[in-house]
Amino acid sequence: MVRIPPAPIKKFEDLPLLVKNRVIGLLSNLTPEIRLEYLQNDLPEGELLEQLTGAWLYLKDISTISQSGPTCGLVALQMAMQLIGASLVAVDDILDKAREQGYTKNGEMYSTSYMALLANDLWDSSVVSCVSHFPSASEMVSHLHESTAILIPYDCDRNIEPALRKGHSAHWGIVVGYLLVDTNEKGICTPTRESISQLPINSPNLYLLIAQGKSRYYGLHPYILLEKSNAQLYEAEMSPRKRRPATPTTGSAKRAKQEPPEESDLKSVDPNEFEAYLKKTGSNKYDKATWQRPPIPHGVLQLNSVAIQVFDIETYQENGGNDSYDRTNVKLYGVNRESNSVCVIVTDHFPHFYFQAPNGFGAEHLEQAQRALNNQVSNSARRGGTSATMSQLVADNLIHLKIVEGENLYFYRGSEKKYPFLKVTGTASALSKAKNELRNGVNLMGHGLVNVGTLYEANIDGEVKFMTKTGVVGCGWVEVPIGKGKIVPDAQKLTRCQLEIRVSVKDLIIHDTEGEWLDIAPIRTVSLDIECMGRRGVFPDASEDSVIQIANMVKIEGQSEPFLRVCFVLGTCAPVIGSDIVCCKTERELLEQWAEFIRIVDPDILTGYNILNFDLPYILDRAKVLKLPQVALLGRQKDKASGVRDAVLSSKQMGSRVNKSIDIHGRVIFDVLQVVLRDYKLRSYTLNSVSYHFLTEQKEDVDHTMIPTLQSGDDQTRRRLAVYCMKDAILPLRLLDKLMSVINYMEMARVTGVPLNYLLTRGQQIKILSMILRKCKANRFFVPVIEHQGNDGEGFEGATVIEPHRGFYNEPIATLDFASLYPSIMIAHNLCYSTLIQKPDPTYVKDQDYIQTPSGQFFATRTRRRGLLPEILEDLLATRKRAKNDLKNEKDEFRKMVLNGRQMALKISANSVYGFTGATVGKLPCLEISQSVTAFGRQMIDMTKSEVEKIYIKGARDGKCPINAKVIYGDTDSVMVKFGVKSVKEAMEIGLDAATTVSKIFPAPIKLEFEKVYYPYLLINKKRYAGLYFTKPDKHDKMDCKGLETVRRDNCPLVAKVLGTCLETLLVDRNADAALNFAKKVISGYCIFKNWFLDLLCNRIDISMLIISKELTKAGDI
DNA sequence: TTCCGGTCCTAC
DNA sequence: TCAGGTAGGACCGGAA
Ligand SMILES: Nc1ccn([C@H]2C[C@H](O)[C@@H](COP(=O)(O)OP(=O)(O)OP(=O)(O)O)O2)c(=O)n1
C-alpha cells in the first residue's frame, strides 16, 4: 500500500535544516535586506496562501538585482523539490537564454546565469518533468487532472515601487498548495480564494503551484505544467486531450482499509480475486488483431514482384534429407513497402574459398584433385566419429573444385595478368575440413601431396561473403521478380515471417542504393522495458526476482509516435488510456504472453535502454529458471530459441567492452545505450541523463525500493508503475528519433555494405573489409588469409606535432588544415595492396611507373593500375561530402549536431581505411601502406610550414604581410600561422590566399584548406589550447578548447566549470586579471561560487560537482 | 628529487 | 573469434 504524501503543512522555519540552509544558501547573493524581509515578513498574499496550504514562500522586492525573477523561481523550485520529494527543474529555458546572452557582464555573473548553471549542475541527475506548454491559463486548466502541479504567472511585484517595477512585470514565486488561476483586467494571472474554490478538479495530489511571469530579459514565459514525481505523468503526456474519468471515491476508502500485504504475498496473485477483478472491471479487453502486421497483398509473385529492404542476414545449414546433401542457405530478413515481414531464402549459395593453382596445374588435373580432396575430407569426417553412412558422409561433404582466374590482392606484379586459382565450394562443414586438409597437403595432381600455401578468403564470415559476392548491402533492397522464386506454404515455413520465399541467387535482383531504392521500408520497432521485483539494496537476480512488468511501445519508422502501447503487468492493473494493459495472473503467463506479443507484432528492430545487457538477458534467464521454453522463441526462425552469450569486443577505439550477444533471429537489437555509447562522449550514460541531455526530458524514475511496494499494492499502484515503465520504454524511441540513429546507421550500412547489426556489435575492420571484398570481386582479386604474426615488434611512426610556441596570442592566428589528409594521400599516391611493389624490378616496372614513398616503399602509379583503396576512399569521401553539405544547409542546432556526428562517422570510416592497413591484429595488415601514409603526412606538414614561412615574409603579397609569418603550432595536418595582422578579416584573407597557394605544391586531390581564425589564441602545450573561433570576420562562433580540462571527462565538473569561466574571461573579456582573480576567489572562497561551494561541503547537499569518474579498462586484482 | 612506466583521455 | 592507427599531456606511484 502506497501512502500518498499529504500536502505539506510547514512554515519555512519549520523546514528541515537541510532545506532551510539550502534556500538560504541559494539566496545569499541577494542583498541582506531582501533576504531578511523575505524570511521575516509575511505579506498578505502570503498569509492567504499559508491558510490554504501551510507552507509558502514569497519573494518580495528583489528587483534591485538583475534577473531576480528567475532566481526566485529557481529557489522556489529548489524548495518545491524538497517539500514534495519531487525533483523539478525548470531551468532549461533559462539556461538556454543565459547561454545565448552570455553568462557574464562586466566580469560578473548574472545571478540568473549563476543560478541556472548551479541548478542545472546540482540537479543534473534529478527528474525534470515539464509536460506541456500552454498558451493560456484557461487552456491549461482544461488539461488539469489529479496530481498535476501548475506553473502560473503570479504577480509578485504588485507591492513594489512603480519605478522599481519598471521593466519587471512579474517575478517567480511559489505556493505550495493547490490553486486556480484567474486573469485580472491587466491580463495578469493571480490566484484568488474564489478561483481556488472553483478549481475544476478535486484532487489531494495537486499541491504545487509555481508562478512565473514576464521578465525583462526573457520575455513572457508560457505557462508550464509540471507534475510531481509520483504523478501520473504519462497519461497526461500520451493523451493530453482526454480527461481522465473521475476515480470513484470508494476506491480510496477501500484501499485505506486494506492491510499491507505480507512479504510472502508479494510475488503471488490470488487467482480468485484476480478473476473477479477481470470480470468486474472488464480488463484484458485488448484486441490482439491490432498487434498484427498488415496482411500480405494478393497475387504475390504472380501479379507483383516482392521487393524488400534487408535488415538481417543469416546463413544456415539445411539438411537435404537422405537423397540430397546438406547445403548452406542464406536467409535475408526484410520488409516490403507494405510493411510485411518477408524472408527470402537463397538456396543455391555455396560458401567457397580459393587457393592458387600449383605450378603446372591444368584442367586435366581437376578430376584427380577433386577426388583426392573429397576422399581426404570424408575420411576426416569419419574420423570425427559419426553414425552417418559413408555415402551420406560423402554426399554431405561434397567438395567441388573449379579453375578461376584472379590475382592475389597483395602486390603489383607489373601487369594485369590473371593467374589460375582453384575455387573450392561446398557446405560450411566440408569447407572447414577441406581447409585443414589443404594446409596439410593434398594429392592434387596425382604425384604426391601438394602444399598449396596460402588460402584465399577462407576466413570470411558466411554472411559478409554472401553479401560481397552478390552485391547485397546492409539495409539495401532486393527483389524477387514475378514468376521467380517459390512461396513456402505456411505449414512448411522455417520462419515466422509473413512471407517466405525460396529463390535461386541468379533470380534475385539486387538493387543499387539509388533512386526509389534509397527509401526506407515501414519497419516496426518495439521498444521495451522491464521492471523486476528486486529486494532492498540488491540488484535484481534472475534466479530469484520475478519480472513484474514489461512495457512495449511499437512504432513504425517514419512516424513520430508509437501506434501501439502494450504493458504486461503481473496482477491487476487499472487501465491507462491509449494503452493495452495485459493483466497476468502469474509470471509465467506474463512472460509467455509477452513472447507471444513479440511474435505477433513481429518487430524488425528491438530497442530499449540497455536491453542488450539487462532486459533481454533477464527475460531469457528468467525463462530458463522458470522452465518456459516458449519465452525464448523470440526470433523469426521457428526452431531456434534465443540465447545469451558473453561477447567481448576490445579495440583501442572503444576500449575493451564486455557485452552480451543475443541472437534473436531476423530481428536487430538496436539498443539505444549501445548507440549512445558509440556515438557520443558523455559524462554519464544513465537513461535519465542521456534523455535530459538530448531531449531535455527526464525519465520518471521510481525509486528502486518503491517497486516492490508499488507492485504489492493494488491495481492503482501497479498502474502507476506501468505508467513509469512505459515512460522508460518510450524514451529510447524518442532518442532514436531525435538522434536520427536508424537513418544514420542505415546510411552507414549501405555505404559500407555490412548488415545493420554489425554496426552495433562490431568495429571498423569489418566495414573496411566488406568494402575491400566488394572491390576485389569487381576486379578479380583474392584476399589472402594472413596468418596472425605474433606481435612483430614495432608499430610504425605516426604524425608530426609541431613544437608549439607556447603563449597567449592577442592577435589573429590563422589555421590551415588539409581536407581528409590520410585518405587524400592514399588517393593522390595510389596507395593500395594491389599497387604495392615488393622490389621494383626493371624487367616489369620502369622508373616512371612507380613512386618511392618517403618511408621507402614502392607503389605503382595510377597510370599502371588504379588501387582499390583509393576507389573505396573516393566513395566514402563522396558520401561524406553529401553529409557535410546537408550539415551546411541545416539551420537547427540540434540537427546540426546530429548531422555533424554523421559526417564524423564517415570521416572515421575513411580514416579507418588507413588504420585498417596498420592494424597488425587485423585481417589484412599492410604496414607498408600505413607507414607510407604517415610519412607523406609528415613530409607535407613540414613542407606546408616552410612554404608558408617562405612565402609570407614581411612585405609580401603587396605589403599585406606586416611581418614574417610564423607557424606557431601544428598537429598532423594543420598549421597555426601568425601572420602578424591586426584583424580577423585580414587574417582570413591571407589565410585563404595561403591555402590556395600552398595547395598547388601538392598533387590532387590533396587540398590545404583555410578553416578558421583563432583570436585570441592561448597555446598551452601540444594538443592543449583554447581560442575564440572565427569563421566570419565580425563575430566569433564559439570558444574552442582542445585537450584542456574543460573537455576532459576525467576530472570533476567543478574544475571544468572554473577553468571554462576563467578561459571565457580571458578570451572574451580579455581580462587576465579578472580571470586570475576569479580563480583565486574560487580557491579562497570569495566569489559567488563560495556560497554553494561551502554549502556543498558543509551541508553535503550534492557532491555531483566534485565527483570524478573514469573508466576502468584493465581489470586489476580485486 | 628525478625518471619512468602505467593509466586515462584526448587530438589528430 | 573478435579487435582502425599514432602522438601526447596530466597524473600517479614506485624505483633509482
Ligand atoms: N580518428 C582519426 C582522426 C584523424 N586521423 C588521421 C587521419 C586524418 O586524415 C588526419 C587528420 O585528422 P583530421 O581530424 O584533421 O581529419 P581529416 O583531415 O581526415 O578530415 P577533415 O579535416 O576534412 O575534417 O589524422 C585518424 O587516423 N583517425
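What you see below is based on every heavy atom in this structure, not just the backbone, and it leaves out hydrogens, waters and symmetry mates. Letters go in sequence order (proteins before strands), and every chain restarts at 1.
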[options]: which one has an atom nearest the side-chain heavy atoms of [X]?
X	options	result
A/N1021	C/dG9, B/dC9, C/dA7	C/dG9
A/I766	C/dG9, C/dA3, B/dA11	C/dA3
A/F796	C/dT6, C/dG4, B/dC12	C/dT6
A/K1022	B/dC12, C/dG8, C/dG5	C/dG8
A/K923	B/dT10, B/dA11, C/dC2	C/dC2
A/R762	C/dC2, B/dC12, C/dG4	C/dC2
A/V801	C/dA7, C/dA10, C/dG5	C/dA7

Have a look at [X] and say if it touches a base, only the backbone sugar-phosphate, or nothing, with a 4.0 Å heavy-atom cut-off.
X	answer
A/G798	sugar-phosphate
A/V921	base
A/V1047	sugar-phosphate
A/Y1025	sugar-phosphate
A/N1051	nothing

Are [X] and [N] close enough that a side-chain N or O sits under 4.0 Å from OP1 or OP2?
X	N	result
A/R1049	B/dC8	no
A/R1048	C/dA10	no
A/Y758	C/dC2	no

From [atom1] of [X] over to [atom2] of [N], roughly how many Å is that when rounded to an integer?
X	N	atom1	atom2	result
A/E1045	B/dA11	CD	P	11 Å
A/R1024	B/dT10	CZ	P	12 Å
A/Y680	B/dT10	OH	C1'	19 Å
A/R645	C/dC2	CZ	P	12 Å
A/D1050	C/dC12	CG	C1'	13 Å
A/K767	C/dA3	NZ	P	11 Å
A/L831	C/dG4	CG	P	21 Å
A/L1044	B/dA11	CG	C1'	11 Å

Below 6.0 angstrom between ring centroids: does that apply to A/Y1017 and A/Y1025?
yes
Nearest heavy atom decides the nucleotide; on that basis, is A/D461 or A/A799 closer to the 5' end of DNA chain C?
A/D461
Start at the 5' end of DNA chain C and walk down; is the nucleotide closest to A/N911 or to A/K1023 reached first?
A/N911
Salt bridge A/E1009-A/K1012, side-chain N to carboxylate O under 4.0 Å:
no
Does this structure show an ion pair linking A/E1111 with A/R1049, if we count only N-O contacts that are shorter than 4.0 Å?
no
Keeping A/N613 on the side-chain end and A/K660 on the backbone end, is there a donor-acceptor pair under 3.5 Å?
yes
Step by step, would you call A/F936 with A/H829 a ring pair (Phe, Tyr, Trp, His ring centres under 6.0 Å)?
CA-CA 9 Å; A/F936 271 121; A/H829 297 104; 3.7 Å; yes
If I compare all heavy atoms of A/C832 with all of A/G867, which pair ends up nearest, and what's the gap?
CB-CA, 3.6 Å
